[in-house]
Amino acid sequence: MSETPSAGWSMPAPPYRGSLRLSGRFWPTLRDAPADAEAVSHRLMVRAGLVRQLASGLYSVLPFGLRSLRRITAIIREEMDAIGAQELELPVMHPAEIWEATGRYGLDEQFRLEDRGGRRMVLGMTHEEIITWHAAREIRSYRDLPQSWYQFQTKLRDEPRPKSGMLRVREFTMKDSYSLDRDEEGLDRSYTAHAEAYARIFDRSGLRWYMVESDVGMMGGLGAHEFMAPSPAGEDTIARAPGDGYAANVEMAVSVASDPEFGAGPDAPDPFDTPGVGTIEELAAFTGLAPALLAKSVVVVADDGPVLCLLRGAHALHEKKLARLVGRHRPAQPDEIRGWFGAGPGSLGPVGVEGVRIVADETVTRGHYVTGANRDGVHLRGVVFGRDFTGEVADIREVRAGEGSPVSGEPLMLEPVIEIGNIFKLGLKYSEPLGATYLDAEGRERPVVMGSYGIGPARVMAAAIEQGHDEAGIVWPRSIAPFDVHIVQVGAPGSPQAALADRLFAELSQLGLEVLLDDRQDAKPGEKFVEAELLGCPLRVTIGKRTLPDGPLEVQVRRGRERRDVLLEGAAEALRALWETLP
RNA sequence: CGGGACGUGGCGCAGUCUGGUAGCGCACCGGCUUUGGGUGCCGGGGGUCGCCGGUUCGAAUCCGGCCGUCCCGACCA
């Protein structure tokens with residue numbers, strides 16, 4: 001690689017840290033995305049030569065993709081260090097016994113294997129067990145607490161359905177951290193510190209994001225929040241009210257339901273024939289009543305038996321809300337239903353049912369409803385909670401757009417989001433079974449109070465692309481772009497243009513920018529421009545015949561593809577100043 | 001776990017219905033040409049048509065099984 005020093009200017013020693021000359025380098029771009037790729041971020045990441053797929057849910061990261069990931073992890077590392085967390089590294093493969101101790105051995109998503117000696121091992125889907133195992137051995141005194149430990153480590157999860165490129169995969173790197181505290185007040189402090197660090201991380205990464213209340217899921221514990229990047233490609237949905245700040249995963253969201261008015265009802269349930277009526281829609285049409293005045297009965301099978309869930313006809317059962325009440329469950333089969341109720345699906349109701357747990361959504365405890373009569377083709381009018389049947393009362397319905405926020409009543413909007421991070425208050429869930437205890441100032445043995453906190457750097461990258469792209473390619477936030485400036489050199493080696501490109505490359509690098517210089521001789525100018533826009537670095541500089549002898553330098557701001565002219569004199573400083581103004 | 005679709009050189013696709021042993025664009029290699037928007041010219045290499053089995057004189061094509069990949073659903077009786 002030959003340099004072309006110009007007179008009176010001292011060339012720093014190459015290679016310039018973080019900068020790269022493209023000729024001879026591995027950067028495979030694609031004119032067309034693979035037919036399998038559907039999500040925008042997936043298509044662009046593959047086309048722009050950032051990643052390649054190995055198998056379903058398994059991706060290899062190529063050099064330019066790795067550059068972005070490294071910038072994301074650097075931001076995370078800085079912010080974790082800033083709250084006093086210490087980085088460490090835990091194994092990916094674990095003895096099964098540790099997972100058995102917490103009851104998490106055998107989860108569907110867990111990869112399990114045996115070593116040559118027949119010892120059962122698992123591949124880590126997360127690391128609470130391992131951190132706690134070490135804490136149990138190393139933490140002895142209240143003087144050892146609090147602690148926050150974190151790592152960037154591979155997680156393996158046998159996802160039922162990997163999808164959307166890097167958004168749901170079976171193997172990925174996670175930044176996971178764990179806080180160890182003396183008590184819940186300490187946990188609250190650690191939790192808040194993490195929430196604030198996460199806010200800085202996602203702001204610095206250039207994402208639009210929300211922090212929302214979330215389900216504790218397989219982690220268990222006292223409470224949780226998720227960090228969500230809005231995107232049509234998102235798999236989760238949040239409900240939020242911009243005016244009052246309420247925001248929650250729909251798994252958790254509660255709303256003020258707008259109850260329709262009830263007229264007078266009969267003094268007792270009144271059966272009537274409903275031949276051929278099986279769905280709420282049919283029942284509404286048959287009776288002329290609004291679905292909200294009908295009650296639907298949904299039967300699921302939990303580990304300890306059948307559960308009849310009663311909801312307003314216009315509402316949908318939310319599985320995760322129900323799961324918090326009855327645990328793991330599945331939909332009931334029609335023949336099972338017939339055995340318990342004496343009628344098939346479509347004519348079920350809560351009146352007179354025995355041996356089946358009944359859970360009524362809170363919205364059906366007032367007013368009188370039409371329900372099934374547990375006889376095929378017959379329904380009951382005027383069914384009243386407390387008078388004609390009883391059951392547990394809970395919020396088990398899914399929030400709908402337009403319902404009132406619990407904070408102010410403002411209408412909720414639903415928005416698809418990508419989960420980019422989460423924080424959990426674990427409490428004693430892991431420290432108790434694994435014996436992570438310490439002695440307090442009075443010499444009493446007490447369990448360590450824990451929290452865990454995760455970020456998926458590749459999801460941050462994918463979310464940034466989902467939020468920042470146009471028809472030409474990726475539009476990176478400047479903090480996580482693979483390079484800061486992309487110089488397209490049009491001109492043969494040895495030409496004055498090439499010398500100028502070399503010089504700008506060196507000067508920008510010396511100012512601390514990371515520069516990609518497209519000095520390829522075998523690529524045509526059009527190809528270089530198209531690929532530069534596909535890759536999407538914040539600034540593109542073109543150096544060709546038109547640039548000489550006195551400029552100006554032609555600069556494209558990638559976001560918006562706006563063209564700017566920069567004087568040759570002091571160009572590097574001017575570019576750096578321009579770069580600093582970009583998002 | 002249920003449903004749907006697809007699998008033909010590196011990528012995108014045609015050919016499959018109506019069997020006769022493979023084609024296009026891009027990429028790649030050689031040469032010429034050219035150097036400001038992936039599109040100049042000439043020549044060339046590369047595919048056991050996902051795998052296995054069957055039918056047939058003959059299978060990318062028909063039949064069966066398997067594997068792989070993607071999408072939708074997995075709550076609304």
Side-chain angles (χ1 to χ4, degrees), chain A residues 28-39 42-43 46-47 49 52-58 108 160-165 168 233 235 250-251 276-284 291 294-300 307-323 329-338 340-341 343-349 361 371-372 374 376 379 396-398 400 472-473 488-493 495 497-498 518-534 540-548 554 556 561 563:
Chain A
T29 61
L30 251 34
R31 192 182 291 249
D32 302 296
D36 286 344
E38 184 128 326
H42 187 198
R43 297 174 66 83
V46 173
R47 285 189 58 213
R52 285 293 183 266
Q53 183 176 23
L54 174 67
S56 179
L58 299 174
D108 289 342
R161 191 182 153 205
K163 59 178 287 197
S164 304
R168 179 162 296 278
E235 290 190 276
V250 290
E251 295 168 3
V277 169
T279 67
I280 288 294
E281 289 72 30
E282 287 162 5
L283 188 59
L294 312 171
K296 81 167 83 171
S297 301
V298 180
V299 182
V300 302
V307 181
L308 185 152
C309 306
L310 200 67
L311 299 133
R312 285 193 169 204
H315 283 130
L317 174 66
H318 199 291
E319 218 183 321
K320 292 204 175 171
K321 286 184 176 179
L322 183 65
H329 61 272
R330 60 169 173 83
Q333 302 300 312
D335 53 332
E336 294 175 311
I337 290 175
R338 191 160 289 283
W340 294 317
F341 295 89
S347 300
L348 304 180
D361 184 70
T371 75
N374 296 322
D376 287 330
H379 280 74
I396 54 171
R397 71 191 182 282
E398 188 171 308
R400 291 173 304 167
V488 171
Q489 173 198 314
V490 182
S495 64
Q497 303 94 283
D518 190 348
D519 57 349
R520 291 175 297 176
Q521 294 163 49
D522 54 355
K524 295 182 177 146
E527 207 173 328
K528 294 184 177 186
F529 292 129
V530 169
E531 291 188 342
E533 284 171 355
L534 182 58
R540 189 191 78 194
V541 179
T542 304
I543 296 181
K545 273 191 304 206
R546 291 181 200 167
T547 321
L548 291 169
E554 186 180 306
Q556 186 205 54
R561 293 207 267 176
R563 292 181 178 219

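Below, chains carry the letters A, B, ... as their sequence lines are ordered, and counting in each starts from 1.
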Nearest-angstrom distance, P atom, G20(B) to G58(B) | 15 Å
To the nearest Å, give me how far apart NE2 (His318(A)) and C1' (A74(B)) are.
-> 13 Å
In Watson-Crick or G-U wobble terms, with both distances under 3.5 Å, the base opposite A5(B) is U69(B)
Side-chain N or O of Arg161(A) less than 4.0 angstrom from OP1 or OP2 on C72(B)?
-> yes
Distance between C1' atoms of A14(B) and G47(B) (Å, rounded) | 15 Å
For atom P, what is the distance between C42(B) and C26(B), given to the nearest Å?
-> 12 Å
To the nearest Å, how far apart are Ile337(A) CD1 and C76(B) P?
-> 9 Å
Watson-Crick or G-U counterpart of C49(B), or none if no pair lies under 3.5 Å = none
Send over the distance from Asp36(A) CG to C11(B) P, rounded to a whole Å.
-> 10 Å
Base-pairing assignment for G30(B) (Watson-Crick or G-U wobble, both under 3.5 Å) = C42(B)
Using the C1' atoms only, state how far C6(B) lies from G38(B), rounded to an integer number of Å.
-> 28 Å
For atom P, what is the distance between U8(B) and A60(B), given to the nearest Å?
-> 15 Å
Distance in angstrom units between Leu308(A) CG and C75(B) C1', rounded | 14 Å
Just wondering, do His318(A) and Val250(A) contact through their side chains at under 4.5 Å, heavy atoms?
-> yes
Would you call Gln497(A) and Lys545(A) a side-chain contact if the rule is heavy atoms closer than 4.5 Å?
-> yes
Is U21(B) paired to anything, Watson-Crick or G-U wobble with both distances less than 3.5 Å, and if yes, which nucleotide?
-> none
Take atom CD of Glu38(A) and atom C1' of C6(B), then tell me their distance rounded to the nearest Å.
-> 12 Å
Nearest-Å distance for atom pair CG/P, residues Leu317(A) and A74(B) | 12 Å
Can any side-chain N or O of Gln489(A) pair as donor or acceptor with the backbone N or O of Gly491(A) at less than 3.5 Å?
-> yes
Contact class for Ala33(A) (heavy atom, under 4.0 Å): base, sugar-phosphate, or nothing?
-> sugar-phosphate
Reading nucleotides 33-42 of chain B from the 5' end, what letters show protein touch, with B for base, S for backbone sugar-phosphate only, - for no heavy atom under 4.0 Å?
-> --SBBBSB--
If each of Asp32(A) and Ala55(A) is mapped to the nucleotide of RNA chain B with the nearest heavy atom, which maps nearer the 5' terminus, i.e. the 5' end?
-> Asp32(A)
Taking C-beta and beyond as the side chain, do Arg47(A) and Thr29(A) meet within less than 4.5 Å on heavy atoms?
-> no
Checking Lys321(A) side chain against Glu398(A) main chain: does a donor-acceptor pair fall under 3.5 Å?
-> no
C49(B) and G25(B), which share atom name P, separated by this distance in whole Å = 22 Å
Looking only at atom C1', what distance separates C51(B) and G7(B), rounded to whole Å?
-> 11 Å
Could you tell me whether Arg520(A) and Glu531(A) have a side-chain N and a carboxylate O separated by less than 4.0 Å?
-> yes
May I ask you to verify if any side-chain N or O of Lys163(A) is less than 4.0 angstrom from the OP1 or OP2 atom of U69(B)?
-> no
Quickly work out the Arg43(A) CZ to C71(B) C1' distance and round it to whole Å.
-> 14 Å
Sticking with atom P, work out how far G10(B) lies from U48(B), rounded to a whole angstrom.
-> 9 Å
How long is the line joining CG of Asp522(A) and C1' of C32(B), in whole Å?
-> 17 Å
When we call it a touch if two heavy atoms are under 4.0 Å apart, what does Val299(A) touch: a base, just sugar-phosphate, or nothing?
-> base
Would you say the side-chain atoms of Lys528(A) pair up with the backbone N or O of Thr542(A), donor to acceptor, closer than 3.5 Å?
-> no
Quick one: label Leu311(A) by what it contacts on the DNA or RNA (base, sugar-phosphate, nothing), any heavy atom closer than 4.0 Å.
-> nothing
Whichever of Pro34(A) and Ser347(A) has its nearest RNA chain B nucleotide further upstream toward 5' | Pro34(A)
Under-4.0 Å salt bridge between Arg540(A) and Asp518(A) | no
Backbone of His315(A) reached by a side-chain donor or acceptor of Lys296(A) within 3.5 Å = yes
